[in-house]
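Notes follow the structure.
Letters go in sequence order (proteins before strands), and every chain restarts at 1.
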Amino acid sequence: MSVSYQIVVCAGLAPDPLQTLEPVPGPALKNELALPAVLDPWAAHALYEAAHLAKSRPGSKVYLVALAPKAKLQQVMMTVAQKLPFELIALDGPMSGFADAAEVAAALSAAVSGIAGLDRERWLLFGGWESATRGAGATMQMLAERLGIIDQFLAVDELRVEEDGSLRVWERVEGGGHQVSLCEGPPAMLAWATGRLPEPVNNPQIGMANMRGVMPALQRARPAPPLGGGIEYRKVALPAQQRQTRVVKDAAPEEIARELAAWIRE
Amino acid sequence: MSEPVERQTMDVDIVCVGFGPASAGFLTTLGRGIVQDDGAPRFESPSAPGVPLQVICYERADDVGFAVSGVVTRARAIRETFPDLNPAEIPMAAPVREEKLVYLLDPVGASRRPWVLRAADRALRLAGVRDEAFELPYLPEFLAKRDGLLLSLGQFQQWVSQQVLATGAVQVWPCTPVVEPLIEGERVAGVRLADQGTDAKGNPAEVFLPGMDVRAALTVVGDGPVGAIGRALDERFGLPAEHQRDEWAVGMKMVIELPAGCELEAGTVIHTIGFPEPEIFGFFYVHPERVASVGIFVPSWFDSPVRTAYRYLQHYVQHPYLWRHLAGGTLRSWGAKSLLESGRRGEPRLAGDGYARIGESSGSTNVLTGSGVDEAWHTGALLAESVLELLREGKPFSKENLEATYVRRRRASWLDKEARVAERARDGFQRGFLTGMFGMALAGFTGGRLAIPARRRPSWKTRPIEEYYAGRIPRAEMEALRRQCAAEGRPLHDALMTRAGWPAIPYDGRLLVTHQDALLLGGKVQAPPSAFDHVVFLYPHLCETCGAQVCVEICSGEAIRPGDAGAPVFDRDKCVHCGACFWNCGQRTPEGRTNLQFRAGFGGLHSSEN
Amino acid sequence: METILVLLHTEADGSLGRNAWEACQAARAAAEASSGGGRLVAGVVGAGARAAAERLGGLGAQRLLAVEGEAYAVSRYATDAAAAEALARAAQATLVLAPGTSRWSRALPGVAQRLNAKVDTHVTALSCDGGALTISRWYYRQRIDVTLARQARPWVLLLDGGAFPAWAPTDGQAQVESVAPSPPAVRTRVEGIESPAADRQTIRPDAPLLFVAGAGWTKKQRDGQPHVEEAASLILDFVTRAQCSLGSSKSLVDLSGEGQAVLPFLTHLHQVGQTGSTPRHPKGLATCCHGEEPHVVGWRFIADRRAVNLDANCGWARGKADVLYVADAFAVMRHLNALLDG
């Protein structure tokens, strides 16, 4: 049975994970808009998985619902939009991790609900299992609840669509294992971990086609409501991480090995 | 690639290679011109009738803001495009407030100074100069950037990209290296994008996608001084008579968070000469919010085979004149790039059938005024005006038409006039530092009418290491050093500098960090896992006979390291794509090319602050 | 006054895991710290939930609740959410404390939505600040340390494993009430757990030592050649002999040289750092890596850190490790494996 899907992927932006971050009162990140941003890494995996699934199921469509500052989103779209076809639904709002997960879920819920023609029989809701900003791992479940989806999967590494249209899902569990579940079919929410797919290569033709929709979507982007959620931040600080390092130079490997063996056995 | 592969083709109207300041100037000006006031397109696409003109720019780096430059600029062209430009809207930008030219004495005693400079140092110390530096009472007019701007090029490019993309009229795609031009007869018909999903040698791997051929009526080449397309065009069409590209420099900078309490005001600009070597010029620019850009230029006429910019930069920042501001600071970011310093004499054919050259690769950098970004921007803007003129008149992008519009505009511009003044300004440096400084002043003050005659020497011909250190390091000791470094697999330059009296770097883990740690600051260098190596040693046996292996010494990212087999080894994950290895390769293949092949590739430095 | 529900689930064998005991201790502490004293309720879900709840007699909970039955024996959103919702409503909880296991991490945010509650996860500390309960957690992948409070109730908190001491159960009277959730529509069947074979198991969350392999292992070594096979065997040997947990940097996981996987036993599950895990182990040994920030982030919860690296001035030497051995990791590990053998 070949089913086509409507896959709604939710993704925010995050400062490039390798940038040096510094908090400022607000709280916010210092120079947040000046830092290079990327599509939130786990959400990006979700998007790749969505594209992969859509490609194998003719008639499928990928929607990308993104909440981020419009100008930043525009820039990041240029690194994403060559990789896979999607329709963008943009919400102009902060990319800060200091927003409240419940408020973000509410804002996303309104945006997803606004997508015309979603059919629950074909509908999959994708996202990352955690963001690289708030790192809560809560938004997708709250969003799915709001949308009435009660088949939810967290930290998904693999999805296989079976012959009968059921969804076999591999979720990360403790100790490096996976729980395998079989879901009857859409609607379902899958919050992805790393998945098993590599980042798609750039295809300029996909980019050209996407851009016809991306720029108008950015122009249409509505401002997100306030997302503070009543959190009172008492302390926001970089951790002190300085240790007194003993540097052992000029020791023979045998000697180092002996010291390490003793330390391991301590 | 051994097997021919089937490639997809895409037709657009204008394809632009590289998103630097030149392309930014081009796309900003063009983007405004091809859209009417009500947002409707002004021109229909000849390649795809019914849709607006298709203009696409491909950038090699991972994002549009990954540029490197120490920018202090008069910003004449940039302001012409943005008359209401407010520096406060661009992160890290500031109006120039104060400019100084400072001669730095050698506080270390290891700098290779002519006796005149040594005598000058002594005299200045006797005269009681403070912090081993002498602030020149006067800044030559040709160097002055008053009313200008101080920028982070990365942030500026990011800001411009937002303006450009918001028009919706043009597209800028990062992560997309362009590897070669499509040449049909005498005409450039577009470009070929890099293959994706390959192994290090370029062979197809799991998710192979052959690079697409993007065909366009006009190819705009703005891929910088070491860009693959510009070089391919030069190879195919040759440079104009008497023109050559033999003067280069590698510029390396740190972005430093100044210590709390530092009172330097944003907009402070300090140019330095004299240290760490007389040939190495330096800069110290203060951005808003206590951030500084500090860097040096190591030029090709620096007659040393030990061209190790990173260690020189570390000695530079520790000079007492600078260190008094920097001590306690933190390294935020770091980067390097090649500069083509041949100026107008390195100018290629600016236009031909189906193509035009803009930016640094078109010879726009002015070596006398030390300015390149604004000039590059101007070339882009001039080309855009010309393209708009041809579009309005419905004329094709032929050699004649581009010469009658773009080349004519360039020749009539301030850019060309100033480039002529600068044309011979640096020739004296081929004869030594002092002659060079004198020559620069002579050209600067006489409007280029007078200059010291050149003694031409190709950039890649450095003196052998043994010869350079003759009389300083005994041959036997040099041999021993070579053997030791080879055995330890480390480059020779650190050992030679230490032997020559440069003190060990007092690493503090904040500002003075190892080269490898610097690679990880402010982002990092990265390359996708399945990509080809863009640096290839074509004939490894030639490397084995190359005693100097300056490619190893000059490598800004320690990506090229000594290899046991004789040829150096290349580690793509560390390459910052500065391209200095290319112009420092001292070996030529039987075909007359540099033995080190430097291609357009993926990845590179991941910082937007440089 | 807070009504604190400590919400636990049993393991497949009906026992309560270490994380559950940690949550019990955290809940006791939170009850004590609450102004006016918190009212403690315990709820257990899963196979053998009643029996497990009976072990909580000494916890000091005013009520012990349990949801059991076949539907609730497995980890599944629909049933877990229904059970947790029922328990939270039965307890009239203002504060729900639960261990951040994969099961509760999946279910409880949605439960918070049903309860119109707020939720915070990855909580590493609870304290009282001016009479208000505050929690600590990390933002931006363990790079920014945050303490926050909320006025809103209910408030659901998922606690990070290893961040709280475990409560040792004491005797006490245990009267367990069964709670019956409204049965949800079940469209998902749990088929089981796929774990790596015991001899290929390299992720051991409870191991005393974390061994992190950096990308240096696959790079060209001093002789200009990579020695990937030897690297693989040295690493696997060590992990087996020391019975430690294996981690790796993102770059090593991502690497694939010449079209083949470099270290075939590494997966993204091993990745430690910004986009990987941040495991908690008493000791950590890093080899052939460079002290880059992603590692440091992944190392945030490693108490005693040592590193073997060729560069004496690398980031590890600058306050990131307790001991840095400047040496060739290949040579050191060869000897170390031999020593551990004996």
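- Partners of B:Gln155 by side chain to side chain donor-acceptor pair (under 3.5 Å), not counting sequence neighbours, listed by chain and number: B:Ser608.
- Only the side chain of B:Val12 comes within contact range of chain A, with at least one heavy atom under 4.5 Å from a heavy atom of that chain.
- Within residues 68-75 of chain A, the residues having any heavy atom less than 4.5 Å from a heavy atom of chain B are, in residue-number order, A:Ala71, A:Lys72, A:Gln74, A:Gln75.
- Using a 4.5 Å cut-off between heavy atoms, A:Met77 contacts chain B through its backbone alone, with no side-chain atom that close.
- Under the 3.5 Å distance criterion, with hydrogens and angles disregarded, no donor-acceptor pair is assigned to the side chains of B:Thr198 and B:Asn203.
- The closest side-chain donor-acceptor pair between A:Ser4 and A:Arg57, if any, does not fall under 3.5 angstrom.
- Not one N or O on the side chain of A:Arg168 forms a donor-acceptor pair closer than 3.5 Å with the backbone of A:Val180.
- Under 3.5 Å, the side chains of B:Gln157 and B:Trp159 contain no donor-acceptor pair of N or O atoms.
- Using a 4.5 Å cut-off between heavy atoms, B:Thr9 touches chain A through its backbone atoms (N, CA, C, O) alone.
- Legend: side-chain hydrogen bond (donor to acceptor under 3.5 Å, both in side chains) pairs involving residues 50-61 of chain B, not counting sequence neighbours, sorted by first then second residue: B:Arg60-B:His577.
- B:Asn86 CG: more than 12 foreign heavy atoms inside a 6.0 Å radius.
- Only the side chain of B:Leu209 comes within less than 4.5 Å of a heavy atom of chain A; its backbone N, CA, C and O stay farther away.
- Heavy atoms closer than 4.5 Å to chain A are found nowhere in B:Ile90, neither backbone nor side chain.
- Residue contact with chain B, scored on non-hydrogen atoms closer than 4.5 Å, involves the backbone of A:Leu35 exclusively.
- The greatest number of non-hydrogen atom pairs below 4.5 Å with chain B, out of A:Gln205, A:Gln219, A:Met215, A:Glu199, is found for A:Gln205.
- By number of non-hydrogen pairs under 4.5 angstrom with chain A, the leading residue of B:Gly154, B:Ala166, B:Ser161, B:Gly65 is B:Ala166.
- The closest side-chain donor-acceptor pair between B:Ser293 and B:His287 falls under 3.5 angstrom.
- Expressed to the nearest 0.5 Å, how far NE2 of A:His52 lies from CZ of A:Arg196 amounts to 12.0 Å.
- Side-chain atoms of A:Ser131 come within 3.5 Å of backbone N or O of A:Gly135 as a donor-acceptor pair.
- We find that A:Arg160 and A:Glu158 are joined by a salt bridge, their nearest charged nitrogen and carboxylate oxygen being less than 4.0 Å apart.
- Cation-pi contact between B:Arg32 and B:Phe82: present, with separation from the ring centre below 6.0 Å and deviation from the ring axis of at most 45°.
- Contact tally against chain A (heavy-atom pairs below 4.5 Å) for B:Leu193, B:Leu165, B:Val172: the top residue is B:Leu165.
- The neighbour count for A:Lys30 NZ, taken as heavy atoms of other residues, nucleotides or ligands under 6.0 Å away, is above 12.
- Counting heavy-atom pairs closer than 4.5 Å to chain A, the top-ranked of the candidates B:Pro174, B:Pro91, B:Gly168, B:Gly197 is B:Pro174.
- You'll find the ring centres of A:Trp42 and A:Trp192 outside the 6.0 Å limit.
- Proximity to chain B among residues 80-96 of chain A is limited to A:Ala81, A:Gln82, judged by heavy-atom separations below 4.5 angstrom.
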